[in-house]
**Q** 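What follows is a single structure, and I will ask about it in a moment.
Since we're looking at a predicted model, the values are computed, not measured. Note that these values count all heavy atoms, side chains included, but never hydrogens, waters or copies made by symmetry.
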Amino acid sequence: MRPFAYAAPGSLPAVLDALRDARPGTKILAGGTTLYDLMKLGVEAPPAVIDVHRLPELTGISVTETELVFGAGVRMADVSDHPVVSADYPALAESIWRAASQQLRNMATLGGNLLQRTRCSYFRDTDFACNKRKPGSGCDAMEGLDRHNALLGASSSCSATYAGDFAIALVAFDAVVDVAGPLGERSLALADLHVEPGENPDREHVLAADELIVRIRVPLTAVGRGSTYLKIRDRESYAFALASAAIGLVLDDGGVVTESRIALGGVATRPWRAVEAERSLLGSVLTEESARRAGEIAFAAARPGHTNGFRVELGIRTVAEAVRIAGKRAVR
Ligand code: SF4
């Protein structure tokens, strides 16, 4: 690991001042569960880090009449254990509970989790070509091991999968992030936070270098109560998704679907909302066939590489099973 400068300003305005004056490449440090790993591997070599994990402005979970509000510095473990989150938004609680290990959940923050970098093994090994780590250097995953790489949203430059779970649940339920920067605060939909790789896979989100996520807001709706986050992986703990789905449903008294949300994880280059699949469920009673059909529509645009094609069928079945689970929980 290369030497770097460390600062821990004591307030949000002081952090914003430090970011304004920071050297290019300076990184924000929160829980440290990803950044320090990447620094040890030589993938990241920031000249300085600005530690925000003790900022009082980033703490706390609150419940208003209309929203769940999470400080960006809240630890992941505090979300999965929160009684209102588990009761009103099981998909949110499960997406956290199924992420990482308990030790990591005790350290990692929500803001850091949203902006975690890909697990593509070529990205994490500096002996290989990687357009995301070194723009223009090529992509060794294209002809290499792409078992975990993305089926949706890839480009000819990069097919790295977005690795997070929490953002998948957030994008399904129209969450918003509030961001602080030199001009004050702005809000943007979680769906607009991450970007597809296109020709510039090193750019993963729309935040400027001097901006910081301060909170995440999730609307309280009936569709949250009838929700689940189903994650399929090589082992049942401490592994990244081969396919995952966040589903929310509302049914009427006759069991007809009146509202539906579907988002996919582990299979796309960013948190992926499957709007056409959602529409396919509306206006009819849930059946095995309609659940399967929603999965097929969600993966209709999938473009597998040479070793990950099995995950198309796996993803379809993941959606279908998650629809069945959410249907049992749905508000009528
Ligand atoms: Fe790098 Fe993306 Fe290629 Fe992986 S898929 S090696 S992250 S450019």
**Q** So which pairs with a foot in residues 143-156 pass salt bridge (charged side-chain N to carboxylate O under 4.0 Å, His left out), sequence neighbours left out?
**A** R147-D234
**Q** Do the charged groups of E278 and R273 touch, with an N to O distance under 4.0 Å?
**A** yes
**Q** Work out which heavy atom in E196 is nearest to a heavy atom in W272; give both atom names and the distance.
**A** OE2-CZ3, 3.6 Å
**Q** I'd like to know if V15 and V179 are part of one continuous hydrophobic network [Ile/Leu/Val/Met/Phe/Trp/Tyr, side-chain heavy atoms within less than 4.5 Å].
**A** no
**Q** Could you tell me whether the side chain of V52 reaches within less than 4.5 Å of the side chain of L29, counting heavy atoms only?
**A** no
**Q** May I have the step-by-step check of salt bridge (Lys or Arg N to Asp or Glu O under 4.0 Å) for E313 and R292, ending in yes or no?
**A** CA-CA 10 Å; E313 176 63 21; R292 162 97 198 172; 2.7 Å; yes
**Q** Please report the shortest heavy-atom distance between G153 and P197, naming the atom on each side.
**A**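 The pair with the smallest heavy-atom distance is O-CD, 3.3 Å.
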**Q** So, are K231 and D165 salt-bridged, with charged N and O less than 4.0 Å apart?
**A**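 Looking at D165 together with K231, the answer is yes, because their closest N to O distance falls below 4.0 Å.
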**Q** Under 3.5 Å, is there a donor-acceptor pair between the side chain of S227 and the main chain of G248?
**A** no
**Q** Contact between L170 and L114 at the side-chain level, heavy atoms closer than 4.5 Å - yes or no?
**A**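 Yes; the side chains approach each other to less than 4.5 Å.
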**Q** So, R133 side chain and V43 main chain: donor-acceptor pair closer than 3.5 Å or not?
**A**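 Not confirmed, R133 side chain does not pair with V43 backbone.
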**Q** Apply ring-ring contact (aromatic ring centres under 6.0 Å, His included) to F299 and list each qualifying residue two or more places apart in sequence or on a separate chain.
**A**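 Expected list: none.
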**Q** Walk me through whether E296 and R293 qualify under salt bridge (Lys or Arg N to Asp or Glu O under 4.0 Å).
**A** CA-CA 5 Å; E296 290 171 348; R293 178 84 184 121; 3.8 Å; yes
**Q** Over all heavy atoms of both residues, which pair between R75 and G31 is shortest? Give the atoms and the distance, please.
**A** NH1-CA, 4.1 Å
**Q** Does this structure show an ion pair linking R20 with D210, if we count only N-O contacts that are shorter than 4.0 Å?
**A**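 Here R20 does not pair with D210 in a salt bridge, since their nearest N and O are not under 4.0 Å apart.
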**Q** Please confirm whether the ring centroid of H148 lies under 6.0 Å from the ring centroid of F240.
**A**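 Ring centres of F240 and H148 not closer than 6.0 Å.
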**Q** Side-chain contact test, heavy atoms from C-beta onward, threshold under 4.5 Å: evaluate it for S187 versus D178 and give yes or no.
**A** yes
**Q** Check the angle between the aromatic planes of F4 and Y36 and answer parallel, tilted or perpendicular using the 30° and 60° thresholds.
**A**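 Correct class here is tilted.
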**Q** Salt-bridged, D202 to K132, with N to O below 4.0 Å?
**A** no
**Q** Under 4.5 Å between side-chain heavy atoms, hopping through other hydrophobics if needed: is there a path connecting I213 to L12?
**A**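 No; L12 is not reachable from I213 via cluster members.
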**Q** Does D174 reach the side chain of R261, with side-chain heavy atoms less than 4.5 Å apart?
**A**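 D174 reaches R261 side chain to side chain.
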**Q** Assigning hydrophobic clusters by single linkage (Ile, Leu, Val, Met, Phe, Trp, Tyr; side-chain heavy-atom cutoff under 4.5 Å), is L212 placed with L193?
**A** no
**Q** Taking C-beta and beyond as the side chain, do D37 and R124 meet within less than 4.5 Å on heavy atoms?
**A** yes
**Q** Between V256 and G283, what is the shortest heavy-atom contact and its length?
**A**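 Scanning both residues, the minimum pair turns out to be CG1-C, 3.4 Å.
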**Q** Can you establish whether the number of heavy atoms outside R329 located under 6.0 Å from its atom CZ is more than 12?
**A**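 For R329, atom CZ is crowded (more than 12 foreign heavy atoms under 6.0 Å).
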**Q** Looking at R324 and E321, does any basic side-chain N land under 4.0 Å from a carboxylate oxygen?
**A** yes
**Q** Mind listing the closest non-hydrogen atom pair of A169 and S95 along with its distance?
**A**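 Where A169 meets S95 most closely, the heavy atoms are CB-OG, 3.8 Å.
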**Q** Where do R311 and G266 come nearest, in terms of heavy atoms and distance?
**A** NH2-O, 2.6 Å
**Q** Side chains of E211 and R186, heavy atoms from C-beta outward: is any pair under 4.5 Å?
**A** yes
